[in-house]
Each structure stands twice: as C-alpha cells, then as structure tokens.
Amino acid sequence: MGKRGAIRSQIAPCVLQQTSCVYRAIDLAKAKRVQKWQRDPEGMRLRILEAAKQEFAAHGLAGARVDRIAANAGANKRMLYYHVGNKENLYLAVLEGAYEKIRSEERGLDLEHLDPPEAIERLIDFTWNYFLRNPEFLALLNTENLAKARHLKRSTKVKSMHSPFVEMIRTVVTRGVESGDFRVAVDPVQLYISIAALCFFYLSNSATLSVIFGRDLLKKEARDERLAHMVALVLAALTGKSTADFGKAVASGVRAPAHQPV
C-alpha cells in the first residue's frame, strides 16, 4: 500500500466515526422532541384545543386552517391528527369542550342552596358575565347555527351535559312556587333559553345596536344597566310583580311616571 492509500485508510474510519456521531446526535434530538410531547400528551391535546378554539372562533370552520392551529399550539399536523383527528373532529371536540366548560361552571353556582329569586338572579348574572368573558363561545355558537347544528348532532356528549343543568333549574323553580316566591312553574328549558337570549342578542348585535341607538352598549355603565334590566324582567315574569320591585330597569335618562309599572 502506498503512502496515499495508508492515509486514506486512516482517514476513512475517522470520517465514518464522525458521521456516525452526527447521525446519533440527530436521532437523539428527534427522540427528545418526540418524548417532549409524548411525556405530556394531555397537555399537548389541551394546547391544540385552545389554539383550535381561537382559530374556529376567528375564522369559522370553513376559514380555519389546520397549519395555523398546529403552529399556535406548538405542534405539527401529525401531532394534531394523532391527538384529535381531522379538522371536523377537531371542530367537534372544540364545541364539546366549550359546552362542557360552561356547564361545569354553572354546576358550581350552588343554586340549590339559595333562595329561589336569588338563585335566578345569580344564574342571570353568571350567564351574562360568562358571555362577556368568553366571546369565542358566542362565535362558535354562531358558526354551528349557520351549519344547522350538523356537527353537534354527531356528539354523544352534549345532550347528557344539559340534563343535570335543566333539572337544577327545575328544582329552583319548583322551590320558588312551593315557597310562594314564584307564581308559576315555568318550563326550565324555556326559562334558560329566555335568559340566554336576553344576554346573547344584546352582545352579538351590540355593534349594530350601538350605531342605531347612538349608545356605546359595551360601556360598563351600559352593561350594568342591561344586567339590572334582565334580572328585573325575568323576576317580574316569575313573581308577577312589577319590574320596579327589582331595582331600576328603565333606559338611561328615562323615567316612567310613578303610577305606571316600569
């Protein structure tokens, strides 16, 4: 073997060794990345759902992009499909999570241990402020209603979430009738729909209504006035009393004559 051959024979093992080290380093880096999300699969799933909620709320189902969701969650599309599934399954998971969150917080209101009028007032206050704190929830509802609840119909969870909540309202109303606080045992579903509608319509249409009536309906004073009005309206319907018995519910700057109910 000549001198050059001897040098090549010495260099070749070194190159192979260095190359092997490089590949091992790459493999280790990949392993660490995989292990990071595999060690906390639930945390990754929650990050994906939160990013998806923001994306669907901002762009709707049609306009939402899986790439943006994955990037905002610190994931990639493979992780997203592994944890949740395709785009429609992800959207349904977000919807179910949104309903689960509000139902969970409603269960913590402890309505069963309050006097019936106070329980209804707390429910209205909670619903109003929950909608204010969670505009994404309203956006998701709008999106799904435009789709005629096509995706929600696939859910095996949502209906079971609502049954205990309806029974909780029914119990409050029944206690109110038995105690003489309420005059009529209204359908708890109708009552909740009315409360949600009073809150939802105001907030979902606040931009146009503010222009039409020349008021900023989202100012704190306007929001407080709206809450007081809703409480007075619902309690007046349940008790048969005047709204005047439940505080000021008249429009700002307008007072009804003393002999007329407000």
Side-chain angles (χ1 to χ4, degrees), residues 98-99 101-142 145 162 165-177 179 181-257 260-262:
Y99 278 108
K101 183 174 185 291
I102 188 171
R103 294 290 93 92
S104 174
E105 293 195 25
E106 284 164 343
R107 288 195 296 273
L109 295 176
D110 198 32
L111 302 184
E112 299 93 330
H113 299 98
L114 298 175
D115 289 337
E118 185 183 355
I120 296 299
E121 181 174 356
R122 178 174 289 187
L123 176 60
I124 298 169
D125 182 275
F126 168 80
T127 304
W128 172 248
N129 283 291
Y130 188 90
F131 287 178
L132 281 170
R133 293 194 313 271
N134 297 275
E136 301 89 357
F137 181 60
L138 304 188
L140 290 170
L141 292 184
N142 280 330
N145 275 294
H162 287 67
F165 177 62
V166 170
E167 287 307 309
M168 183 172 68
I169 297 176
R170 189 191 309 278
T171 299
V172 170
V173 171
T174 300
R175 286 196 297 112
V177 172
S179 66
D181 289 307
F182 299 157
R183 292 184 62 182
V184 59
V186 299
D187 178 353
V189 172
Q190 291 287 4
L191 178 57
Y192 180 72
I193 290 174
S194 294
I195 291 171
L198 286 168
C199 300
F200 185 92
F201 183 87
Y202 183 100
L203 295 174
S204 64
N205 295 274
S206 60
T208 53
L209 293 173
S210 293
V211 172
I212 291 168
F213 295 114
R215 302 182 188 180
D216 182 354
L217 295 181
L218 293 182
K219 286 176 62 176
K220 185 180 185 307
E221 182 182 353
R223 297 198 311 267
D224 291 345
E225 184 182 345
R226 177 63 181 177
L227 178 57
H229 172 76
M230 292 187 294
V231 169
L233 201 64
V234 173
L235 288 180
L238 289 171
T239 62
K241 298 178 181 178
S242 165
T243 55
D245 293 325
F246 303 101
K248 294 179 180 179
V250 295
S252 179
V254 179
R255 292 188 178 276
Q260 291 184 354
V262 180

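Worth knowing before you read on, the calculation uses all heavy atoms, side chains too, and leaves out hydrogens, waters and symmetry mates. Start at 1 with the first residue, then count along the sequence.
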- request: Mind checking the CG-OG1 spacing from Leu233 to Thr243? Nearest 0.5 Å is all I need.
  value: 7.5 Å
- prompt: Any salt bridge between Lys101 and Glu136, counting N to O under 4.0 Å?
  reply: no
- request: Over all heavy atoms of both residues, which pair between Leu111 and Met168 is shortest? Give the atoms and the distance, please.
  value: CD1-CE, 3.9 Å
- prompt: Are the side chains of Leu227 and Asp125 in touch, meaning some heavy atoms are under 4.5 Å apart?
  reply: yes
message: Has Ser210 got a side-chain atom pairing as donor or acceptor with Leu217's backbone, closer than 3.5 angstrom?
response: yes
task: Determine which pairs satisfy ring-ring contact (aromatic ring centres under 6.0 Å, His included) with at least one residue from residues 202-221, sequence neighbours left out, and list them in order.
output: Trp128-Tyr202
field: Flag side-chain contact, heavy atom, 4.5 Å: Phe200 against Ile193
entry: no
query: Taking the inter-plane angle between the rings of Tyr192 and Phe165 on a 0 to 90° scale, is it parallel (under 30°), tilted (30 to 60°) or perpendicular (over 60°)?
result: perpendicular
- prompt: Can you tell me how far the OG1 atom of Thr127 sits from the CD atom of Glu106, to the nearest 0.5 Å?
  reply: 6.0 Å
query: Is there side-chain contact between Ile120 and Leu191, with heavy atoms separated by less than 4.5 Å?
result: yes
- line: One should read off an interatomic distance between Tyr130 OH and Ile102 CD1, to the nearest 0.5 angstrom, of 5.0 Å
- request: Output yes when a side-chain donor or acceptor of Arg215 lies under 3.5 Å from a complementary backbone atom of Leu209, and no otherwise.
  value: no
field: Heavy-atom closest contact (Thr239 atom, Asp181 atom, distance)
entry: CG2-O, 3.2 Å
Spacing of His162 atom NE2 and Arg103 atom CZ [to the nearest 0.5 Å]: 4.0 Å
query: What is the minimum heavy-atom distance between Glu121 and Val231, and which atoms define it?
result: CG-CG1, 3.8 Å
message: Just verifying a value: how many Å separate Leu140 CG and Asn145 CG, rounded to the nearest 0.5 Å?
response: 11.0 Å
statement: Closest non-hydrogen contact found for Pro116 with Ser179 is CG-OG, 4.3 Å
query: Of all heavy-atom pairs between Arg122 and Leu109, which one has the smallest distance, and what is that distance?
result: NH1-O, 2.8 Å
- request: Begin with the C-alpha distance, continue with both residues' side-chain angles, and end with the deciding distance and a verdict on side chain to side chain contact (heavy atoms under 4.5 Å, CB included) for Val173 and Val184.
  value: CA-CA 8 Å; Val173 171; Val184 59; over 6 Å; no
task: Output the distance between atom CZ (Arg226) and atom CG (Leu198), rounded to the nearest 0.5 Å.
output: 5.5 Å
- prompt: Looking only at atom types and distance, does a side-chain atom of Asp187 sit under 3.5 Å from a main-chain N or O of Val189, one as donor and one as acceptor?
  reply: yes
query: If you count the non-hydrogen atoms of other residues, nucleotides and ligands that lie under 6.0 Å from NZ in Lys241, is the total more than 12?
result: no
